[in-house]
Structure formats: C-alpha cells, structure tokens
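All values below were derived from every heavy atom in this structure, side-chain atoms included, with hydrogens, water molecules and symmetry-related copies excluded. Sequential numbering from 1 along the given sequence is applied to the chain's residues.
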Amino acid sequence: MEQAVIAALLVVGLIIGAGGGASYARAKRGWTDYQTIRTSVPGARRNAWLAIRGVVVKLAVIALLLVGAAAYAASGGGEERAGPTPSATPTPSHRAGR
C-alpha cells in the first residue's frame, strides 16, 4: 500500500512540476521579450516621428506650391497685357472717280 501512495505522489509531483516548469519558462520568455521590446520602443518611436515629419514636410511644400501657383495665376500670370487689336480696314466696294 505504501508503494502505491508513493507512486501516486510521484506522478502528481511530476505533473505539477512539469506544469510549473512550463509556466516558469513561459514567464521567463515573456519577461525577456518585454525587456527587448522596451529597449527598442524609443528607437521605434523616433522612427515613427521622423516618418510623420517627412510626410508633414512634403504636404507643406505641396501646399506652398499650390498657394504660390494660385497667387501667380490671380496676379495675371506674368503675361503682358495685349493692347487694342487692329481693326479690319473696310475695303471700298467701288472705285473712286469712276
């Protein structure tokens, strides 16, 4: 009887030990991953802000070009103003002196 109890306790201990060991390994792996990601966050944040800054600069340049083009077109576009066009001279339908 004693051997059966010892065997049952051994099996229960192995099951609990395997579950505890797996949980410990999972927790240790999670902590290591967390530390790795935590150290990489400032670099990723900096890269994200640099990408946003690049987009904002490009949009600002495009907006300035559009405003400049609209102002240029509104001011006349630099074309010289055309003077009065010559009018067609009427051609006489009959000859004078005939």
Side-chain angles (χ1 to χ4, degrees):
M1 179 75 175
E2 231 175 86
Q3 288 181 343
V5 171
I6 292 175
L9 289 175
L10 181 64
V11 170
V12 169
L14 286 174
I15 291 172
I16 291 173
S23 295
Y24 174 76
R26 191 170 32 248
K28 187 172 180 179
R29 175 62 189 207
W31 180 254
T32 304
D33 290 346
Y34 168 73
Q35 293 295 329
T36 303
I37 291 171
R38 192 178 92 182
T39 58
S40 69
V41 164
R45 185 179 293 135
R46 184 176 54 248
N47 289 339
W49 280 112
L50 286 174
I52 290 171
R53 189 179 96 188
V55 169
V56 169
V57 167
K58 287 177 185 174
L59 288 175
V61 168
I62 290 170
L64 286 175
L65 288 174
L66 287 174
V67 168
Y72 181 73
S75 69
E79 336 175 327
E80 294 181 19
R81 302 278 182 212
T85 58
S87 59
T89 34
T91 53
S93 58
H94 64 281
R95 288 186 168 181
R98 256 194 166 180

Peer 1: Out of L14, I16, L9, I15, which one pairs with V12 under the side-chain contact (heavy atoms from CB on, under 4.5 Å) rule?
Peer 2: I16
Peer 1: If you measure from CH2 on W31 to OG1 on T36, what distance do you get to the nearest 0.5 Å?
Peer 2: 11.0 Å
Peer 1: Using side chain to side chain donor-acceptor pair (under 3.5 Å) as the criterion, list what pairs up with R29, not counting sequence neighbours.
Peer 2: D33
Peer 1: With rounding to the nearest 0.5 Å, note down the distance linking CG in L59 to CG in L64.
Peer 2: 11.0 Å
Peer 1: For atom CD of Q3, decide whether the heavy atoms of other residues, nucleotides or ligands shown that lie under 6.0 angstrom number more than 12.
Peer 2: no
Peer 1: Of all residues at least two apart in sequence or in a different chain, which pass the side chain to side chain donor-acceptor pair (under 3.5 Å) check with N47?
Peer 2: none
Peer 1: Let me check something: do V11 and V5 share a hydrophobic cluster, defined by ILVMFWY side-chain heavy atoms less than 4.5 Å apart, either directly or through other members?
Peer 2: no
Peer 1: Please report the interatomic distance CG(L10) to CD1(I6), rounded to the nearest 0.5 Å.
Peer 2: 9.5 Å
Peer 1: Can you measure from CZ (R45) to OG (S40) and round to the nearest 0.5 angstrom?
Peer 2: 10.5 Å
